Number of protein chains: 2
Amino acid sequence: MTKGRVTVIDIAKAAGVSKSTVSLVLQGSSLVNEATRTKVNAVMRELGYVYNRGAANLRQSGSKSKIIGVVVNDLTNGFFAELAVGVDMVVQSAGFVQFLSNTSESPDRQREVIASMREHGISGLILSPARGTEASDLKPIVASGIPVVVAVRNVPGAKVSSIASDNREGVFAAVQHLVSLGHRRIAFLGGFRDTAVFNERLEGYRAAVAACRVEQDDDLIVDAAPSRAGGAEAIGRALSISNKPTAAVCFNDAVAFGVCDGLRAKGIEPGRDFSIVGFDDVIEARTAVPALTTISVDPQGMGRRAAQLLLKQISAGKAEAETIVSSVRLVVRDSCGASGVPVGREQA
Amino acid sequence: MTKGRVTVIDIAKAAGVSKSTVSLVLQGSSLVNEATRTKVNAVMRELGYVYNRGAANLRQSGSKSKIIGVVVNDLTNGFFAELAVGVDMVVQSAGFVQFLSNTSESPDRQREVIASMREHGISGLILSPARGTEASDLKPIVASGIPVVVAVRNVPGAKVSSIASDNREGVFAAVQHLVSLGHRRIAFLGGFRDTAVFNERLEGYRAAVAACRVEQDDDLIVDAAPSRAGGAEAIGRALSISNKPTAAVCFNDAVAFGVCDGLRAKGIEPGRDFSIVGFDDVIEARTAVPALTTISVDPQGMGRRAAQLLLKQISAGKAEAETIVSSVRLVVRDSCGASGVPVGREQA
DNA sequence: TTGCAAATTTGGAACGTTCCAATTATCAAG
DNA sequence: CTTGATAATTGGAACGTTCCAAATTTGCAA
């Protein structure tokens with residue numbers, strides 16, 4: 001015994017029924033008599049049967065493999081890890097399993113990984129694309145009819161569903177908050193002008209500046225690398241103009257930290273002498289000094305919604321490409337010197 | 001066209017050869033003529049062929065599915081995310097793909113996930129077990145002959161390979177460091193007493209206390225949840241005794257952060273008035289204030305080694321259960337007020 | 001009993017690959 | 001122009017499931 005794996009035929013023999021009946025039991029069909037069902041189940045347990053999904057898949061025309069692929073650009077980054085966990089939650093409870101891979105921001109690796117997943121017959125893909133992903137990278141998988149949901153960043157020309165945070169609204173709220181604290185000259189710092197995310201956020205800034213009737217001045221908009229170093233550079237340039245800003249909303253939290261560095265280097269204490277708002281609410285935002293006021297985007301929730309959308313598309317055969325914007329919320333901490341202001345302070 | 005998926009037979013027809021030949025090409029066999037090989041490859045590209053690993057697997061006796069399963073107790077925790085990334089690196093470059101799932105510390109979910117992976121025919125499993133995992137949970141998969149490597153925590157009675165960090169040695173070094181700074185009453189804070197990891201670390205603490213001839217007092221050992229909240233609670237209890245400690249080594253970094261919170265709440269400044277050492281070296285340890293002195297365990301390296309071990313066992317058919325202890329290193333930062341001490345400071 | 005519908009069960013024929021044994025093409029030497 | 005050997009190719013027969021159409025059993029009224 002124990003020579004080969006136990007198959008549905010072994011079960012059938014041992015239970016004195018046909019393989020078809022066993023298959024029916026496996027699928028929980030209502031066509032099978034209660035007595036035989038229990039009998040078959042007992043035998044399966046006894047022989048230590050394990051279902052061979054590969055074989056099943058082969059027969060069923062592919063689409064229902066119960067595997068969904070998740071490809072993430074940087075799992076090391078808490079943001080994306082949370083995203084993956086969110087996806088896993090809903091995917092798992094829908095009886096699917098998750099194929100998760102990390103691309104480390106390499107489009108090449110991303111291509112390989114996606115190809116490999118395709119070979120394994122995934123029935124859907126959630127992708128948080130590596131920087132530099134082109135629409136052509138997604139072409140083959142989209143063409144094959146496998147539902148794809150792109151999360152967080154979107155891929156310019158690709159005809160796929162996507163879910164991203166509400167960049168416009170987030171920055172709008174940030175500016176509004178700063179205005180409510182009395183600021184009139186507010187800078188927008190960091191980020192590359194040629195990215196979609198930058199433009200959405202900038203648009204939010206412009207809209208808020210207009211809506212709040214505070215000073216409008218293109219010198220207050222300083223682009224720079226979306227990194228800590230970029231932040232330091234940006235604040236330097238922003239403070240070199242004659243009519244200086246007193247507050248800034250930053251492209252993301254990394255930039256915000258860089259801005260803090262840059263301010264301190266000039267003897268200006270962030271949070272007390274200058275107000276700063278970030279974007280993303282990365283883990284360090286909470287523990288940094290001063291704790292960073294920022295726009296929180298709930299990556300896990302985003303993951304869950306991405307998964308739900310994907311599952312919907314899978315079961316629907318194939319729906320239209322759909323775009324979800326995930327709402328964000330302002331988390332007030334200490335970097336605006338705003339301790340104690342009457343604006344929904346962070347709970348706990 | 002585009003009716004069903006493109007199969008090896010379609011390729012064969014289009015290229016004017018037999019399916020067997022196409023299969024040979026697929027496997028890179030040297031038996032096939034160079035001209036036909038290029039021809040076949042060209043046709044494959046043209047028709048957009050994608051390999052069906054499921055079908056291949058079915059024929060090949062199972063063991064070489066090119067999938068390895070990775071099950072992690074908490075992907076949200078940077079430590080385990082890094083571990084998974086480490087695994088992914090070597091697994092991917094060996095041409096395997098990774099099935100990654102998160103159990104959120106639930107043994108039930110863990111069981112389900114492992115069962116599901118088995119159905120998908122994984123050829124090996126790396127498991128960072130959920131709290132409360134029993135040897136019996138691993139019984140079936142081990143019995144089926146699938147190589148399993150348990151990482152980080154080990155499962156008591158299970159006959160599997162494992163890789164864990166050198167807990168004893170790490171805490172020993174931490175205590176030694178504190179002693180070298182002049183501390184005589186050093187607490188050991190946090191962690192659940194009924195876990196193997198706790199006991200290994202505690203053992204390191206005891207050994208160091210004995211070796212350094214500093215005060216030995218069981219009141220200095222305070223167990224608590226291995227979390228930030230647990231740390232705050234533990235330091236509270238540790239400071240309620242008459243002869244108070246002046247330093248603490250903590251079960252892990254989360255506890256250490258909680259200890260900082262607890263100290264500040266009492267007006268004691270961590271790093272200046274009280275020395276703290278953590279364990280794990282999570283990402284925030286570097287950026288926290290004060291930056292945390294801790295025991296670094298290189299989770300990514302551990303993941304890589306775990307994967308290497310697993311791959312070795314997979315190709316070896318099945319080797320003996322092997323145990324690796326992964327060495328650790330003390331990273332001195334600011335939480336011991338030790339800036340400038342002559343103990344190998346963190347580089348860069 | 002008989003008949004008939006509903007409830008169960010059942011043999012194949014797929015699914016897309018790999019492997020084996022066997023066939024055919026190629027070519028150098030006799 | 002055989003012969004043999006070597007190189008290259010090729011038809012099935014698996015692999016473990018699902019699905020279909022058909023067969024069998026059952027229940028029950030006539």
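Owing to the predicted nature of the structure, the values given are computational and were not obtained by experimental measurement. Order of the sequence lines fixes the chain letters, A, B, ..., with proteins taken first and strands second; residue numbering starts at 1 for each chain. As a basis for the values below, the full set of heavy atoms in this structure was taken, side chains included, without hydrogen atoms, waters or symmetry mates.
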Q) Rounded to the nearest Å, what distance is computed from the NZ atom of residue B:Lys13 to the P atom of nucleotide C:dG16? A) 11 Å
Q) Between A:Arg153 and A:Glu105, does at least one N-O distance fall below 4.0 Å, as a salt bridge requires? A) yes
Q: Let me know the distance between CG of B:Asp10 and P of C:dG16, rounded to the nearest Å.
A: 8 Å
Q) Distance only, no hydrogens: is a donor on one side chain within 3.5 Å (strictly under) of an acceptor on the other, for B:Arg305 and B:Ser326? A) yes
Q: For D:dT10, take OP1 and OP2 only and decide whether either is under 4.0 Å from a side-chain N or O of B:Ser18.
A: yes
Q. Is the base of C:dT17 touched by the side chain of B:Arg59 through a donor-acceptor pair closer than 3.5 angstrom?
A. no
(Q) What's B:Ser23 touching, base or sugar-phosphate or nothing? Going by heavy atoms closer than 4.0 Å. (A) base
(Q) Under 3.5 Å, is there a donor on one side chain and an acceptor on the other for B:Glu34 and B:Thr38? (A) no
Q) Expressed in angstrom and rounded to an integer, what is the separation of A:Leu26 atom CG from D:dC19 atom P? A) 11 Å
**Q.** Any donor-acceptor N or O pair under 3.5 Å, side chains A:Asn154, A:Ser162
**A.** no
**Q.** Closest to side chain of B:Ala55, choosing from C:dG16, D:dT10, C:dT8
**A.** C:dG16
Q. Using rotation axes that map the C1' atoms of four end pairs onto the next four (five pairs an end), what angle separates the end axes of the helix from C:dT1-D:dA30 to C:dG30-D:dC1, to 10°?
A. 60°
Q. With sequence neighbours excluded, what pairs up with A:Ala307 under the side-chain contact (heavy atoms from CB on, under 4.5 Å) test?
A. A:Val87, A:Val90, A:Val91, A:Ile126
Q. In whole Å, what is the span from the CG atom of A:Asn52 to the C1' atom of C:dC15?
A. 13 Å
Q.
Looking at C:dG11, I'd like to know if its phosphate oxygens (OP1 or OP2) sit under 4.0 Å from a side-chain N or O belonging to A:Ser20.
A. no
**Q.** Candidate nucleotides D:dT17, C:dG12, C:dT8, ranked by approach to the side chain of A:Lys19 - the nearest
**A.** C:dG12
Q) Among A:Asn102, A:Thr103, A:Val113, which residue meets the side-chain contact (heavy atoms from CB on, under 4.5 Å) test with B:Asp88? A) A:Asn102
Q) Which one, C:dC19, D:dT17, D:dT9, comes nearest to the side chain of B:Leu31? A) D:dT9
Q. What integer distance in Å separates A:Asn57:CG from C:dT17:P?
A. 13 Å
Q) Under 3.5 Å, is there a donor-acceptor pair linking the side chains of B:Gln98 and A:Ser101? A) no
Q: Starting from C1' on D:dA7, measure out to CG on B:Leu24 and report it in whole angstrom.
A: 12 Å
Q | Nucleotide nearest A:Gln60 when distance is taken to its side chain, options C:dT17, C:dT9, D:dT18 | A | D:dT18
Q: Give the rounded distance in Å between these two atoms: CD of B:Gln27 and C1' of C:dC20.
A: 13 Å
Q. Would you say the side-chain atoms of A:Thr21 and A:Ser18 include a donor-acceptor pair closer than 3.5 Å?
A. yes
Q. Of the residues in residues 39-51 of chain A, which ones touch DNA chain D at a heavy-atom distance under 4.0 Å?
A. A:Tyr49, A:Tyr51
Q: Could you verify whether a donor N or O on one side chain and an acceptor N or O on the other, from B:Arg109 and B:Ser104, lie under 3.5 Å apart?
A: no
Q. Counting just side-chain N and O atoms, does B:Thr21 come under 4.0 Å of either OP1 or OP2 of D:dA8?
A. no
Q. Going by atom types alone, do A:Arg53 and A:Ser65 pair a side-chain donor with an acceptor below 3.5 Å?
A. no
Q | Euclidean distance, atom CG of residue B:Leu58 to atom C1' of D:dA14 [Å, nearest integer] | A | 9 Å
